[in-house]
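Chain A is the first sequence line, chain B the second, and so forth, proteins listed ahead of strands; every chain is numbered from 1. For the numbers below, each heavy atom of this structure counts, side chains included, while hydrogens, waters and symmetry mates do not. In this text, all values refer to a predicted model and were calculated from it rather than measured experimentally.
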Protein chains: 2
Amino acid sequence: MTSRRPTMRDVAVLAGVSPATVSRVVNDERYIRPETRYAVERAITELGFHRNELARGLRPGQTTETVALLIEDPANPFWSGVTRGAEETARRHQHMLVVGSTGQRFEQERDLLRDLVRRRVDGLLVTPTAHDHVDLHAELARWAPMVFIDRVPQGVPADSVVLDNYGGAREAVAHLTAQGRRRIGYIGGDPAVFTGADRLAGYRRAVEDAGLGYDPVLVSLDNHTVEAARAAATALLDGPAAADAIFADNNRICVGVLHAVAGRDEVGVAGFDDLELVDLLPRPVPLVTYDTVELGRRAAELLFGRIAGETGPTTQVLLPTRLVLRGGRGR
Amino acid sequence: MTSRRPTMRDVAVLAGVSPATVSRVVNDERYIRPETRYAVERAITELGFHRNELARGLRPGQTTETVALLIEDPANPFWSGVTRGAEETARRHQHMLVVGSTGQRFEQERDLLRDLVRRRVDGLLVTPTAHDHVDLHAELARWAPMVFIDRVPQGVPADSVVLDNYGGAREAVAHLTAQGRRRIGYIGGDPAVFTGADRLAGYRRAVEDAGLGYDPVLVSLDNHTVEAARAAATALLDGPAAADAIFADNNRICVGVLHAVAGRDEVGVAGFDDLELVDLLPRPVPLVTYDTVELGRRAAELLFGRIAGETGPTTQVLLPTRLVLRGGRGR
DNA sequence: ACGTTCTCTGATTACGTTCTCATACAGCTC
DNA sequence: GAGCTGTATGAGAACGTAATCAGAGAACGT
């Protein structure tokens, strides 16, 4: 089926010219006789020749026209939005995008990064996993520009783009306090992840701004499933914490919370991340939304800036969030 | 910042050996004195050497350990699921995954495919765009094995994995007829896409199986937005068509339909694709669900089979769908 | 008629790696 | 001690392309 691939030499022989001339035709250089060009093009079509980009990239100073994106999980809507923004931007810069998923495992991130550097990608868009190997990114950033997405490891001087987790959570919780809620529960996931800590801080600030005081009894962490979030919400509402509203740290948790409060319209609910069908719920739900595609796009733009040779100080982009009021049949 | 990369020659000079010996150490071959190995490893660490995989892949018979996935839109949950399945499988086979998005544009698909062949990817996972250029895939399949996902172009002998669009739609609509619905509307998107035609055929079959007869008045096509679907649903219900149930061709359309029927519990609704928050609606909604990750996985497995040299006849995998009953506060 | 510039093409080399071949020495066996 | 086998290393070629160098012929101006 897949026979030996024709090379420029094969094309040259068939066209009766030298390999150098074939190269000239393929690269559309000046000073080629029309008949020569035609003969070469005929030979290319006949053999089905495709220039070997590997050999081309081997030449000094050449680039692979490839950038890589390391994310946690391509199937998660957050990351798939980022992927789209990055892919779109890469294509606009005539680059291919290689996608790798870390699954939050450090070894996988490390192996992928090394492999990508070996493959001579022109740049790296990286979501670092939570780990304490401070040297990995610094070591590899010597060989390819790196831009961090969503999380920023300490001690590595590189550009980064992150969401305004703090501001978003603060705004949403402030919305609840403005409604007169006095005991607002917080249901979060893994507290070790960068984003969760910032969102919790935003929650705390909003609660304190409202003069309510931060009560640890109202905070439930380490809820990793929809079911866990549901149970945690029920516990906060019916237990001694006596919450009258709940802020959900992310979309999965929000789904659990919404299950828990179904039919209890007196309870206020707000959450981080968008949820499509919330529109149809009878209850109004303020949600902290943002543009993940833009996140990927901005990161990629920063990367291509570095690839193009920009040497200025590192940039930290804080992508704004927007509070939208969903639900309540209001559409 | 990114200085010249060290080569095996640099490592060899520093370690006081020949480049061939460095290569032997890097590839972990036999017959190397422990002291030699150590000296080379020291030099590698000191220089931060990373083998150039491009040069390696240039050698005859070598592969790039890279496969490509061409999808419509990485941000769409359907495609992001496929991406995850493909990435996961590629990694299990020690391959990198390059992702390209076609945006349903033929020129983009063509350019991406050509570029990928030039880059010598080991295989291609392709969602063909709707077009009539029959030769493109056949031409390129000469150089790299190809597996089609979700849609199958005519006339190209290659493996493919598609959803059971026909069976899924038929089952969902049969569910509605079994409830005693007599006038079931169909709201679809672009009728030119492969999947839509199959789903419409499944709808038709189910309607006819129930002895209801196919009535074109009940069929609305070319609804590309949530709002259009909503309007179309309202028109079918309140207009002369007098529908008493509606089948939505995809998830976006289903959202529109659900908006249209909010508060009208007598109307039946079913749809293709899953919708997370449907659980919370008071109305029960049968949905045709499937495993997109599995779709990507199966396609990638077929591809790696071909890469490994399998030469049997082409395989057509029809991935089953599953009707789930969501909503109705049943959970 | 002669030098100069422009057009066109080929020969050769370099890129970084791996592979083949060659070499050399150690420890065997007969 | 001659011949073998196993261990350890180096020299050099090859992969497919592009860049440099070189040269040949044509067109041009003086």
Side-chain angles (χ1 to χ4, degrees), chain A residues 2-41 43-44 47-65 115 117-122 143, chain B residues 2-41 43-44 47-65 114-115 117-122 143-144:
Chain A
T2 63
S3 44
R4 194 182 72 81
R5 289 175 145 109
T7 70
M8 281 198 176
R9 182 178 312 275
D10 300 323
V11 174
V13 168
L14 184 60
V17 297
S18 75
T21 301
V22 177
S23 175
R24 275 186 266 260
V25 171
V26 169
N27 292 310
D28 203 27
E29 291 179 15
R30 296 187 313 172
Y31 302 149
I32 305 153
R33 249 194 324 152
E35 307 91 76
T36 309
R37 182 189 299 274
Y38 179 72
V40 171
E41 277 166 354
I44 286 175
L47 294 175
F49 167 78
H50 291 272
R51 174 173 64 186
N52 187 334
E53 293 293 335
L54 272 60
R56 179 164 209 247
L58 192 56
R59 314 273 359 222
Q62 292 292 337
T63 63
T64 53
E65 316 262 285
D115 195 8
V117 168
R118 283 198 249 276
R119 286 158 187 268
R120 298 298 190 262
V121 293
D122 295 339
W143 308 123
Chain B
T2 64
S3 46
R4 194 182 72 81
R5 289 177 146 107
T7 70
M8 282 197 175
R9 181 177 313 276
D10 300 323
V11 174
V13 168
L14 184 59
V17 297
S18 75
T21 300
V22 176
S23 175
R24 276 186 264 261
V25 171
V26 169
N27 291 310
D28 203 26
E29 289 178 19
R30 296 188 312 172
Y31 304 150
I32 304 153
R33 252 196 320 156
E35 306 90 76
T36 310
R37 182 189 299 275
Y38 178 72
V40 171
E41 278 166 354
I44 287 175
L47 294 175
F49 167 78
H50 290 272
R51 173 173 65 186
N52 187 334
E53 294 292 336
L54 271 59
R56 179 164 209 246
L58 192 56
R59 311 278 353 221
Q62 292 291 338
T63 64
T64 53
E65 317 264 285
R114 289 206 178 132
D115 196 5
V117 167
R118 283 197 250 274
R119 287 158 187 266
R120 299 297 189 260
V121 293
D122 296 339
W143 308 122

[N] OP1/OP2 closer than 4.0 Å to side-chain N/O of [X]:
X: B:Tyr31; N: D:dA8; result: no
X: B:Arg33; N: D:dT9; result: yes
X: B:Ser18; N: D:dT9; result: no
X: B:Thr21; N: D:dA8; result: no

Q) What does A:Val22 touch in the nucleic acid at a heavy-atom separation under 4.0 angstrom: a base, only the sugar-phosphate, or nothing? A) nothing

**Q.** Spatial distance of atom CG (B:Asp10) from atom CZ (B:Arg4) [nearest 0.5 Å]
**A.**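 Separation between the atoms: 4.5 Å.
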
Q.
I need the A:Glu65 CD to A:Arg120 CZ distance, nearest 0.5 Å.
A.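 Reported value, rounded in 0.5 Å steps: 16.0 Å.
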
Within-4.5 Å side-chain heavy-atom neighbours: [X] and [Y]:
X: A:Arg5; Y: B:Val117; answer: yes
X: A:Thr64; Y: A:Arg119; answer: no
X: B:Asn27; Y: B:Arg56; answer: yes

Q.
Taking pairing as Watson-Crick or G-U wobble with both contacts under 3.5 Å, can you name the mate of C:dG10, or confirm there isn't one?
A. D:dC21

Q.
My understanding is that a pair needs two contacts under 3.5 Å, Watson-Crick or G-U wobble. By that rule, which nucleotide pairs with D:dT30?
A. C:dA1

Q) Minimum heavy-atom separation for A:Phe49 to A:Thr7, with atom names? A) CE1-C, 3.6 Å

Q. Please give, in whole Å, the distance from D:dA8 P to B:Glu35 CD?
A.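 These atoms are roughly 9 Å apart.
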
**Q.** Base versus backbone protein contacts along nucleotides 15-26 of chain D [heavy-atom cut-off under 4.0 Å; B, S, -]
**A.** BBBBS-------

